[in-house]
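What you see below is based on every heavy atom in this structure, not just the backbone, and it leaves out hydrogens, waters and symmetry mates. Atoms within a ligand are numbered from 1 in the order they appear, just like the ligands themselves.
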Amino acid sequence: MSDLTARKAALRAEARQLRQAAHDAARESDAAGQACRLLTGFLSGRAGQAIAGYMPIGTELDPRPAMAELARLGPVAVPVVEAPAAPLRFDLWTPETEMVAGAFGAAVPARSEPVEPDVLIVPLLAFDRAGHRLGYGGGFYDRTLARLREGRDVFAVGLAFAGQELSGLGLEPTDAPLDAVVTEREVLTF
Ligand SMILES: Nc1nc2c(c(=O)[nH]1)N(C=O)[C@@H](CNc1ccc(C(=O)N[C@@H](CCC(=O)O)C(=O)O)cc1)CN2
Ligand SMILES: Nc1ncnc2c1ncn2[C@@H]1O[C@H](COP(=O)(O)OP(=O)(O)OP(=O)(O)O)[C@@H](O)[C@H]1O
């Protein structure tokens, strides 16, 4: 195992614990609801642009309240894994969309209506104050942002509990930078 792989594995283990603790604490505080309200306000200026959210897995912050609000203003989509090491596809989602279990633990729409997103709400294990993120290690969002940004400006906003902050995550040149991070406490822009 290279030093970098070992360092990322250690950071992921630490980040999972931080997210679990933040998620458990948030049951009492409505931190997820507050983060969603900040996110909705932050993105409402982009009404009409196509926005990709995500279906939460495990202890990820649940973005669906924000997605439901934003879906009243314009198209909202969710990610679908087409193949390992390939960019994600995004399929149209509304609160009424029929969902089925997807390959990686997240629900996906039963029927695919592909959407090219202008804005990505990105799940993460950890973020830092420079806009770097740590994911599960599949490189899906890195590849997806790299592909989408070849053609045009695509805005990536990480959504996380404030407790998911770590320092020094910018470790690899392929790590696609975030444009903003929204937590229950603040909106960071980079
Ligand atoms: N909600 C959500 N949807 C997503 C992603 C994500 O990170 N979160 N993805 C981003 O790439 C893609 C799916 N890729 C994934 C890659 C790895 C694991 C994974 O390692 N899962 C853990 C369990 C997670 C938990 O319960 O906390 C595992 O299987 O051990 C999950 C999704 C597309 N959809
Ligand atoms: N644009 C890219 N082209 C080719 N390989 C890439 C690209 N982006 C990332 N990778 C590779 O994918 C692997 C996993 O990347 P990384 O550890 O950054 O995933 P992650 O950002 O934590 O996970 P995810 O984006 O799925 O949530 C690494 O080996 C990385 O080199």
Side-chain angles (χ1 to χ4, degrees), residues 1-24 26 32 35-36 39 51-68 76-93 97 99-110 112 114-115 117 119-128 130-151 154 156-161 163-166 168-179 181-182 190:
M1 196 189 272
S2 72
D3 281 359
L4 183 63
T5 312
R7 171 105 184 95
K8 280 206 152 184
L11 281 169
R12 281 196 180 94
E14 184 182 359
R16 278 181 187 281
Q17 290 189 357
L18 288 176
R19 194 173 70 187
Q20 178 79 53
H23 180 265
D24 293 351
C36 281
L39 181 66
I51 298 179
Y54 61 88
M55 300 302 289
I57 320 176
T59 58
E60 286 175 345
L61 197 158
D62 185 350
R64 284 174 293 182
M67 289 161 58
V76 170
V78 293
V80 179
V81 176
E82 294 203 293
L88 298 163
R89 186 180 82 218
F90 294 92
D91 285 352
L92 190 67
W93 174 92
T97 298
M99 305 298 283
V100 296
F104 279 83
V108 299
S112 168
V115 170
V119 177
L120 263 60
I121 302 168
V122 182
L124 48 85
L125 278 173
F127 67 93
D128 71 15
H132 301 121
R133 72 179 270 279
L134 186 68
Y136 290 125
F140 286 110
Y141 275 97
D142 292 332
R143 286 192 181 82
T144 304
L145 281 165
R147 162 78 65 86
L148 291 172
R149 283 170 170 165
E150 280 170 12
V154 172
V157 48
L159 180 65
F161 298 108
Q164 288 173 249
E165 182 175 341
L166 282 176
L169 297 181
L171 297 170
E172 281 185 281
T174 50
D175 286 334
L178 297 172
D179 298 295
V181 170
V182 174
F190 308 107

May I ask you to identify the nearest protein heavy atom to [atom], giving residue, atom name and distance to one decimal place in Å?
{"atom": "atom 2 (C) of ligand 2", "result": "Arg143 CG, 3.7 Å"}
{"atom": "atom 4 (C) of ligand 1", "result": "Pro79 CG, 4.2 Å"}
{"atom": "atom 8 (N) of ligand 1", "result": "Glu60 OE2, 2.8 Å"}
{"atom": "atom 18 (O) of ligand 2", "result": "Asp142 OD2, 2.7 Å"}
{"atom": "atom 30 (C) of ligand 2", "result": "Thr174 OG1, 3.8 Å"}
{"atom": "atom 29 (O) of ligand 2", "result": "Glu172 OE2, 4.4 Å"}
{"atom": "atom 27 (O) of ligand 2", "result": "Arg133 NH2, 2.8 Å"}

Inset, instruction - Dump the intermediate steps for side chain to side chain contact (heavy atoms under 4.5 Å, CB included) on His132 and Phe127, then the final yes or no. - result: CA-CA 6 Å; His132 301 121; Phe127 67 93; over 6 Å; no
Inset, instruction - Would you mind telling me which of Leu159, Val122, Val78 makes a side-chain contact (heavy atoms from CB on, under 4.5 Å) with Pro63? - result: Leu159
Legend entry - Arg149 atom CZ, over 12 foreign heavy atoms within 6.0 Å: yes
Inset, instruction - Hey, could you give me the CD1/CG distance between Ile51 and Leu120, rounded to the nearest 0.5 Å? - result: 10.0 Å
Among [options], which one has a heavy atom closest to [atom]?
{"atom": "atom 26 (O) of ligand 2", "options": "Phe104, Tyr136, Phe140", "answer": "Phe140"}
{"atom": "atom 9 (N) of ligand 1", "options": "Phe104, Tyr136, Tyr141", "answer": "Tyr141"}
{"atom": "atom 3 (N) of ligand 1", "options": "Ala106, Ala107, Gly58", "answer": "Ala106"}
{"atom": "atom 14 (C) of ligand 2", "options": "Gly137, Pro84, Pro79", "answer": "Gly137"}

Going by the order shown, which atoms of ligand 1 are within less than 4.0 Å of some heavy atom of [X]?
{"X": "Pro123", "result": "6 (C), 7 (O), 8 (N)"}
{"X": "Arg16", "result": "22 (C), 24 (C), 25 (C), 27 (O)"}
{"X": "Arg19", "result": "27 (O)"}
{"X": "Phe140", "result": "11 (O), 14 (N)"}
{"X": "Tyr54", "result": "1 (N)"}
{"X": "Leu88", "result": "33 (C)"}

Legend entry - Asp91/Thr97 under side chain to side chain contact (heavy atoms under 4.5 Å, CB included): CA gap, chis, key distance, verdict: CA-CA 10 Å; Asp91 285 352; Thr97 298; over 6 Å; no
Inset, instruction - Would you please determine whether Gly135 falls within less than 4.0 Å of ligand 1 on a heavy-atom basis? - result: no
Legend entry - Under-4.0 Å heavy-atom contact with ligand 2, by part of Asp175 that carries it: side chain
Inset, instruction - Classify the contact between His132 and ligand 2 as side chain, backbone, both or neither, using a heavy-atom distance cut-off of under 4.0 Å. - result: neither
Legend entry - Under 3.5 Å: N/O of Gly139 near N/O of ligand 2: yes
Legend entry - Sub-3.5 Å N/O-N/O distance, Ala146 and ligand 2: no
Inset, instruction - Specify whether the nearest protein heavy atom to atom 27 (O) of ligand 1 is under 4.0 angstrom away. - result: yes
Inset, instruction - Could you tell me whether atom 33 (C) of ligand 1 has at least one protein heavy atom nearer than 4.0 Å? - result: yes
Inset, instruction - Using the test salt bridge (charged side-chain N to carboxylate O under 4.0 Å, His left out), find all partners of Glu82 that sit at least two apart in sequence or belong to another chain. - result: Arg89
Heavy-atom pair with the smallest gap, counting every atom of [X] and [Y]:
{"X": "Ala126", "Y": "Leu166", "result": "CB-CD1, 3.8 Å"}
{"X": "Leu39", "Y": "Ala66", "result": "CD2-CB, 3.9 Å"}
{"X": "Thr59", "Y": "His23", "result": "O-CD2, 3.4 Å"}
{"X": "Leu125", "Y": "Gln164", "result": "O-NE2, 3.1 Å"}

Legend entry - Criterion side chain to side chain contact (heavy atoms under 4.5 Å, CB included) on Leu18 and Phe161, from CA distance to verdict: CA-CA 9 Å; Leu18 288 176; Phe161 298 108; over 6 Å; no
Legend entry - Donor-acceptor contact below 3.5 Å, side chain Asp128 vs main chain Leu169: yes
Inset, instruction - Report yes or no: does Arg19 contribute a side-chain atom to a donor-acceptor pair with the main-chain N or O of Leu61 at less than 3.5 Å? - result: no
Inset, instruction - Check each atom of ligand 2 against the heavy atoms of Gly138 and keep those under 4.0 Å away; list them by number with element. - result: 14 (C), 19 (O), 23 (O), 26 (O)
Inset, instruction - Answer with yes or no whether Arg147 contacts ligand 2, where contact means a heavy atom under 4.0 Å from a ligand atom. - result: no
Inset, instruction - I would like to know whether Ile121 and Val157 meet side chain to side chain contact (heavy atoms under 4.5 Å, CB included); could you show each step before the answer? - result: CA-CA 5 Å; Ile121 302 168; Val157 48; 4.2 Å; yes
Legend entry - Under 3.5 Å: N/O of Met55 near N/O of ligand 1: yes
Inset, instruction - Flag the pair Tyr136 / Arg16 as yes when at least one side-chain heavy-atom distance between them is below 4.5 Å, and no otherwise. - result: yes
Side-chain atoms of residues 137-146: list all donor-acceptor pairs with protein atoms under 3.5 Å, sequence neighbours left out, distances to 0.1 Å.
{"residue": "Asp142", "atom": "OD1", "partner": "Ala176", "partner atom": "N", "Å": "3.0"}
{"residue": "Arg143", "atom": "NE", "partner": "Ala85", "partner atom": "O", "Å": "3.4"}
{"residue": "Arg143", "atom": "NH1", "partner": "Gly138", "partner atom": "O", "Å": "3.0"}
{"residue": "Thr144", "atom": "OG1", "partner": "Leu88", "partner atom": "N", "Å": "2.9"}
{"residue": "Thr144", "atom": "OG1", "partner": "Phe140", "partner atom": "O", "Å": "2.6"}

